[in-house]
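The next block holds one structure in the form of structure tokens; read it before the comments.
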Amino acid sequence: MLSCQLLPNFFIYATLLRRCTQMKDMMEGKRVHAHIIKSGMQPDIYLGNTLLNMYANTGSVIDTHRVFDKLPQKDVVSWNTMIVGYAKHGYGEEAFRLFHQMQQEGFKPDTVTCTSILKACTGPRALEWGKHIHSHIMKAGYNVDVRIGNALIDMYAKCGSLEAACQVFDVMPERDVISWTAMIVGLAQHGCGEEALQVFEQMRVEGVEPNAVTFVGVLSACSHAGLVEEAYGYFSSMCHQNGISPVGEHYGCMVDLLGRGGHLKEAEDLIKKMPVEADATVWGSLLGACRTHGNVELAECAAENCLQLEPKDAAVYVLLSHIYAAAGMWGSVTKVRNTMKERGIQKEPGRCWIEVENKIHTFVAEDRTHPQTEEIYAELDKLTGQMKEGGYVADTRCVMHDVDEGEREQAICYHSERLAIVYGLISTEPGTPIHIFKNLRVCSDCHTATKIISKIVRREIVARDANRFHHFKDGSCSCGDYW
DNA sequence: GACCAAGTCA
């Protein structure tokens with residue numbers, strides 16, 4: 001296209017730039033940019049924003065900001081594009097800084113700005129930020145916009161406030177398939193599988209046609225609620241009643257569901273029967289199930305398939321080594337670790353954080369860097385004693401060291417979750433709920449321990465791990481131990 | 001002609 005003799009006009013440049021939507025398209029995007037510069041044309045505001053969007057989708061935030069600074073003229077679309085770019089790259093704080101800066105420079109946020117900034121609400125401050133944006137939305141009268149409503153449901157569900165998500169959903173003047181799907185997914189992520197299915201039934205009653213994504217939510221709700229039979233029913237009605245052909249994600253949910261329920265053979269058979277090639281996610285689900293149900297042989301097969309598709313996925317190596325450790329196969333644990341080292345793959349360290357009086361406190365396992373370390377450890381030891389009196393026995397299967405049982409128990413008792421919870425207990429009023437966040441999935445022993453702690457201290461403990469919420473109360477968890 | 005909303009595993 002570019003080699004044609006006629007000088008390409010803005011429309012052609014914009015079309016070429018819009019094709020660059022992923023990181024792999026960056027070189028192509030830069031070539032078009034270089035061509036524009038060479039042609040001596042001064043891009044108008046539309047082309048400038050298209051260029052900015054190309055960098056935001058394919059490049060680094062630094063490159064994007066450079067283009068933004070050089071734009072001859074900016075409008076609200078330019079600011080929105082920047083906010084989206086930062087949010088996508090995980091720089092929530094930076095997105096919020098831009099949100100304030102645009103207003104200081106006299107640009108009024110529109111509905112697109114608001115839906116975009118809601119995406120940037122992640123991490124420990126997210127709920128506070130989200131509420132701030134929500135009040136901004138109400139003042140501007142944007143709350144009647146269906147996209148705004150949808151983004152609010154998603155934000156509140158992801159930030160831990162399921163009640164607020166339901167409230168937004170309930171008062172929406174108009175709902176589309178995305179509103180319903182966001183609500184179903186939100187409920188499923190909070191362990192409310194049954195409620196999610198009720199919402200789905202209500203959606204059908206109201207005559208809203210579910211789509212393929214809705215069924216991913218429905219199947220994931222079944223998975224988290226342990227409803228195997230129901231899932232088969234929904235899977236079949238999706239194909240026959242709604243005419244939706246299942247894709248990899250639907251099979252992924254089914255494999256996950258069967259695996260969690262211990263039907264490992266059925267899960268493996270389903271993978272073999274899939275009409276589409278199983279991706280790393282599907283094999284990852286099976287691998288996770290093998291850990292839960294302690295099947296070393298199948299785990300090796302699942303891990304091999306995962307690594308063939310995604311050789312650099314640290315989580316796969318970690319899971320496999322945990323499975324070996326649980327089976328006491330220390331030689332294999334060492335082998336996996338050495339392979340990781342040879343291939344330069346590093347595990348993300350487990351971290352937990354809690355907000356107390358507007359300050360974030362972060363902990364890693366066996367952390368002794370907090371100023372109140374002595375107090376935290378003394379309280380945790382006291383609590384562990386009470387837990388043992390109540391029948392708690394440490395489940396050390398996830399400890400990777402080949403050391404004696406005493407040391408393994410020691411390692412587990414000072415996991416980051418427990419340090420964060422205990423810090424929450426000693427620094428907040430009795431009876432108030434404690435919210436903690438974890439970058440990885442919560443380990444099974446900490447899950448058991450947290451249930452017992454919630455009963456002993458009579459507090460609700462809400463934990464957001466890498467992919468869902470756990471609400472611990474009176475000795476049990478909203479996930480029903482199914483996560 | 002440019003920017004925005006929902007998804008499984010770890």
Side-chain angles (χ1 to χ4, degrees), chain A residues 9-15 17-18 43-54 56-57 71 75-85 87-88 109-120 142 145-155 157-158 176-186 188-189 210-224 247-257 259-260 278-289 291 302-303 306 310 313-320 322 347-348 439-441 465-468 483:
Chain A
N9 61 20
F10 284 7
F11 182 77
I12 295 175
Y13 282 135
T15 309
L17 288 170
R18 271 204 308 276
D44 67 356
I45 196 152
Y46 290 99
L47 187 57
N49 286 337
T50 311
L51 196 57
L52 188 63
N53 187 45
M54 181 278 290
N57 283 325
L71 285 179
D75 64 2
V76 73
V77 176
S78 327
W79 288 94
N80 292 348
T81 307
M82 285 302 287
I83 289 171
V84 172
K88 266 188 192 158
D110 61 8
T111 55
V112 179
T113 320
C114 293
T115 48
S116 310
I117 196 79
L118 286 172
K119 271 272 157 220
Y142 293 158
D145 184 290
V146 68
R147 284 189 177 220
I148 289 276
N150 296 347
L152 280 171
I153 294 171
D154 183 52
M155 179 279 291
K158 289 206 170 83
D176 62 11
V177 62
I178 296 178
S179 328
W180 289 93
T181 305
M183 198 64 250
I184 291 166
V185 169
Q189 282 172 342
N211 64 22
V213 180
T214 315
F215 278 101
V216 173
V218 167
L219 294 176
S220 123
C222 291
S223 183
H224 288 293
V247 292
E249 286 91 335
H250 300 116
Y251 285 99
C253 288
M254 290 303 290
V255 168
D256 181 46
L257 171 99
R260 279 176 202 274
D279 64 6
T281 307
V282 175
W283 288 111
S285 297
L286 187 64
L287 184 60
R291 176 175 67 173
C306 275
E310 277 177 25
D313 192 345
V316 174
Y317 294 91
V318 174
L319 257 174
L320 187 62
H322 280 174
K347 170 189 184 283
E348 191 183 353
N439 63 333
L440 306 175
R441 186 177 180 274
D465 75 7
N467 57 352
R468 61 161 302 143
W483 87 101

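Lettering follows sequence order; numbering is per chain, from 1. Scope of the values below: all heavy atoms of this structure, side chains included, with no hydrogens, waters or symmetry mates.
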Quiz prompt | Interatomic distance, A/Tyr46 OH vs B/dA2 P [rounded to whole Å] | solution = 9 Å
Exercise. Starting at atom CG of A/Leu287, determine the distance to atom P of B/dT8, rounded to an integer number of angstrom.
Key: 18 Å
Quiz item: Can A/Ser116 and A/Asn80 be counted as having a side-chain donor-acceptor contact under 3.5 angstrom?
Solution: no
Exercise. Indicate whether the side chain of A/Asn150 and that of A/Ser179 have a donor and an acceptor atom separated by less than 3.5 Å.
Key: yes
Of all the nucleotides listed ([options]), which has the minimum atom distance to the side chain of [X]?
{"X": "A/Gln189", "options": "B/dT8, B/dA5, B/dA2", "result": "B/dT8"}
{"X": "A/Ile178", "options": "B/dA5, B/dA10, B/dC9", "result": "B/dA5"}
{"X": "A/Val84", "options": "B/dA2, B/dC9, B/dC4", "result": "B/dC4"}
{"X": "A/Phe11", "options": "B/dT8, B/dC3, B/dG1", "result": "B/dG1"}
{"X": "A/Leu319", "options": "B/dA5, B/dA10, B/dT8", "result": "B/dA10"}

Measuring to OP1 and OP2 of [N], would you say a side-chain N or O of [X] lies under 4.0 angstrom away?
{"X": "A/Arg260", "N": "B/dC9", "value": "yes"}
{"X": "A/Lys158", "N": "B/dG7", "value": "yes"}
{"X": "A/Arg441", "N": "B/dA10", "value": "yes"}
{"X": "A/His224", "N": "B/dC9", "value": "yes"}

For [X], report the nucleic acid contact type (base, sugar-phosphate, nothing); a contact means any heavy atom under 4.0 Å.
{"X": "A/Val213", "result": "base"}
{"X": "A/Asp176", "result": "base"}
{"X": "A/Ser285", "result": "sugar-phosphate"}
{"X": "A/Glu310", "result": "nothing"}
{"X": "A/Asn211", "result": "base"}
{"X": "A/Asp145", "result": "nothing"}
{"X": "A/Asp44", "result": "base"}

Self-check item: Side chain to side chain, A/Leu286 and A/Trp283, heavy atoms closer than 4.5 Å
Solution: yes
Self-check item: Sub-4.5 Å side-chain heavy-atom contact between A/Thr111 and A/Arg147
Solution: no
Practice problem: Enter the distance from A/Thr281:OG1 to A/Asp279:CG here, rounded to the nearest 0.5 Å. | Solution: 4.0 Å
